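One structure below.
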2 protein chains.
Amino acid sequence: MSNSPEKTSYHHGELYNSLLNAAHSMLAEGGIEALSLRKLAEQVGVSRTAPYHHFKDKNELLCALAADGFKRKQAAIAQLSLHSTSNPTQQFKDFVYDYIKHATANPELYDLMFGRPIWKTGSSNPQLQSHAYPVFQQQLALIKSWQQQGVLDSEADTLRLSQVIWSTLHGLTRLVIDGIYDSSDSNSHQVKAMCDCAIKQFLSAAKG
Amino acid sequence: MSNSPEKTSYHHGELYNSLLNAAHSMLAEGGIEALSLRKLAEQVGVSRTAPYHHFKDKNELLCALAADGFKRKQAAIAQLSLHSTSNPTQQFKDFVYDYIKHATANPELYDLMFGRPIWKTGSSNPQLQSHAYPVFQQQLALIKSWQQQGVLDSEADTLRLSQVIWSTLHGLTRLVIDGIYDSSDSNSHQVKAMCDCAIKQFLSAAKG
DNA sequence: CAATCAATCTTGACGCTGTCAAAATATAAG
DNA sequence: CTTATATTTTGACAGCGTCAAGATTGATTG
């Protein structure tokens with residue numbers, strides 16, 4: 001959308017944000033693989049090495065992009081918590097649906113945020129971590145409250161249960177967006193069925 | 001290990017297998033990222049474009065490598081099924097432990113077998129699919145039997161439950177091997193705890 | 001055995017990538 | 001105005017996947 005103002009001046013002035021914006025849409029279109037610094041620079045109207053004065057690395061750009069994604073994810077979850085008009089069981093269901101919905105709506109962004117390249121040892125930025133960690137804390141708080149309300153297994157250790165539920169959602173998402181499940185025909189219908197099955201497992205475990 | 005016989009003859013004779021072997025160890029050392037056709041050719045002692053007479057693409061080599069992994073995985077699961085001396089509940093636990101154990105022991109191979117690059121639309125080889133599909137069928141059969149024996153929720157649709165359990169194991173594996181969980185200190189201890197929590201959830205759901 | 005053919009391997013080249021070094025230019029500070 | 005600092009540029013390097021054309025070998029057939 002709002003990529004480059006096409007300034008003709010030597011100094012761009014808004015290079016940092018312009019690069020991030022352009023990177024965002026380029027990521028959405030072709031994934032991490034198609035995201036190259038050179039194409040990015042060209043699209044913003046600047047030479048190939050200009051970005052290196054705002055991002056030390058390609059990795060640093062990816063981290064900044066992912067950090068931005070975590071910031072928005074946190075806001076989305078927070079807004080979901082505010083809409084607590086429904087009963088806690090329905091809240092948990094909505095939490096699951098929303099997780100898969102957001103992830104499958106922006107598969108390339110999800111792939112970046114939770115992918116190897118930026119989390120591999122030595123790659124993860126302190127700035128990235130500071131944005132990602134609160135999101136997990138947020139999820140942990142939600143699950144703790146659901147445990148206290150008897151929706152989820154109250155005997156389980158909250159941290160472990162959070163990790164397991166997250167694993168289930170993450171795994172389901174990855175299997176879908178990585179193409180291991182065929183996304184040809186009525187895929188969303190099957191994904192919905194998988195979510196419901198997962199929900200049922202966690203809910204019944206609470207009544208053991 | 002047994003990489004190249006260093007034949008000086010023009011025709012290598014065993015190029016296909018030599019490439020696969022070299023690729024296997026190169027993958028284990030540096031991951032997909034570090035696996036380049038050129039380095040591979042050099043290591044086997046052949047020119048850069050020689051591999052193209054045995055693999056149409058780099059993608060085709062990756063598919064062959066992954067297919068080999070699936071073949072071995074199938075054999076491993078089959079052997080696990082034969083060791084059915086223990087009770088079915090313990091069998092299910094061992095199945096979970098083994099999944100994570102094998103995946104974390106060969107993280108780079110797992111990343112290849114269940115990663116985007118080879119499953120992305122248009123990348124997956126028919127040969128790859130024919131090796132991967134039976135593995136899922138195998139897991140589905142196991143889960144069906146555990147359902148019939150009352151270990152897992154017998155009311156759930158077998159296909160959906162298989163997908164959910166697989167999602168949990170896959171997600172847990174990915175979070176670990178992708179570096180999202182810090183693998184610094186006593187990691188295996190925490191992973192064990194997560195597995196136990198997941199197992200408990202699925203077992204209690206059967207007694208709902 | 002000799003000639004032909006197909007399989008295999010090599011050299012050369014192209015465009016793409018990330019990134020460093022050094023030079024040019026614009027802005028800010030003294 | 002001069003000096004320093006931040007920003008951008010051009011040039012260059014090594015690496016990558018891969019195509020095209022030529023060289024070499026092993027197998028096939030007359």
Side-chain angles (χ1 to χ4, degrees), chain A residues 3-20 22-23 26-27 29-66 108 112 115-118 120 122-123 125, chain B residues 3-23 26-27 29-66 112 115-118 120 122-123 125:
Chain A
N3 275 345
S4 71
E6 290 289 349
K7 275 193 179 176
T8 56
S9 66
Y10 195 89
H11 276 48
H12 188 283
E14 289 281 348
L15 229 194
Y16 186 92
N17 287 327
S18 293
L19 284 171
L20 272 177
M26 189 177 283
L27 175 74
E29 284 181 21
I32 303 183
E33 224 174 38
L35 204 163
S36 92
L37 285 186
R38 293 172 103 109
K39 272 188 283 183
L40 215 54
E42 189 188 14
Q43 188 168 323
V44 175
V46 94
S47 90
R48 311 128 241 162
T49 59
Y52 282 87
H53 294 85
H54 301 269
F55 302 96
K56 178 197 128 213
D57 246 355
K58 180 181 184 179
N59 181 67
E60 205 168 282
L61 193 158
L62 294 179
C63 284
L65 210 53
E108 308 295 350
L112 170 66
R116 278 204 132 192
I118 63 171
K120 215 169 167 180
S123 300
N125 206 328
Chain B
N3 275 345
S4 71
E6 288 290 347
K7 275 191 180 178
T8 55
S9 67
Y10 194 89
H11 276 45
H12 188 284
E14 289 282 348
L15 228 194
Y16 186 92
N17 287 327
S18 293
L19 284 171
L20 238 59
N21 285 340
M26 189 176 283
L27 175 75
E29 285 181 20
I32 303 183
E33 224 175 38
L35 204 163
S36 92
L37 285 186
R38 294 174 104 107
K39 270 189 283 183
L40 215 54
E42 189 188 16
Q43 188 168 325
V44 176
V46 94
S47 90
R48 312 131 239 159
T49 59
Y52 282 87
H53 293 86
H54 301 269
F55 301 96
K56 178 198 128 212
D57 247 354
K58 179 181 184 180
N59 181 66
E60 203 168 283
L61 193 159
L62 295 179
C63 284
L65 210 54
L112 170 67
R116 277 204 132 192
I118 64 171
K120 214 169 166 179
S123 300
N125 206 329

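Just so we're clear, the structure is a prediction, and the values are computed from it rather than from any experiment. Just so you know, these numbers use all the heavy atoms, side chains as well, and skip hydrogens, waters and symmetry mates. Letters A, B, ... mirror the listed sequences (proteins, then strands); counts begin at 1.
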Donor-acceptor pair present, R38(B) side chain and dG15(D) base, under 3.5 Å: no
Between dG15(D) (P) and K58(A) (NZ): distance, integer Å: 18 Å
Between dC16(D) (P) and N59(B) (CG): distance, integer Å: 18 Å
Gap between atom CZ of R48(A) and atom OG of S36(A) - 0.5 Å precision: 12.5 Å
Gap between atom OG of S123(B) and atom CD of E60(B) - 0.5 Å precision: 11.5 Å
Length of the CG-P vector between L40(A) and dC16(C), whole Å: 16 Å
S36(B) side-chain proximity, nearest of dG17(D), dT19(C), dT17(C): dG17(D)
Sugar-phosphate only, base, or nothing, as touched by S47(B) at under 4.0 Å among non-hydrogen atoms: base
Inter-residue atom distance E14(A).CD - L19(A).CG, 0.5 Å rounding: 11.0 Å
Rounded interatomic separation in angstrom, taking CD1 from I32(A) and P from dG18(C): 13 Å
Strand contacts (DNA chain C) in residues 48-56 of chain B, 4.0 angstrom heavy-atom criterion: R48(B), T49(B), A50(B), H53(B), H54(B)
Qualifying residues under side-chain hydrogen bond (donor to acceptor under 3.5 Å, both in side chains), relative to E108(A), sequence neighbours excluded: R116(B)
Rounded distance in Å - CG (L62(A)) to C1' (dG18(C)): 12 Å
For L112(A) against A66(A), the heavy-atom pair lying closest together: CD2-N, 3.9 Å
Integer-rounded Å distance: dG15(D) P and K39(B) NZ: 9 Å
Between C1' of dC16(C) and CD of E42(A), the distance in whole Å: 12 Å
Rounded distance (nearest 0.5 Å) linking atom OH of Y16(B) with atom CG of L61(B): 8.0 Å
Side chain to side chain, L65(B) and L35(B), heavy atoms closer than 4.5 Å: yes
Gap between atoms OH and P, on Y16(B) and dC9(C) respectively (whole Å): 14 Å
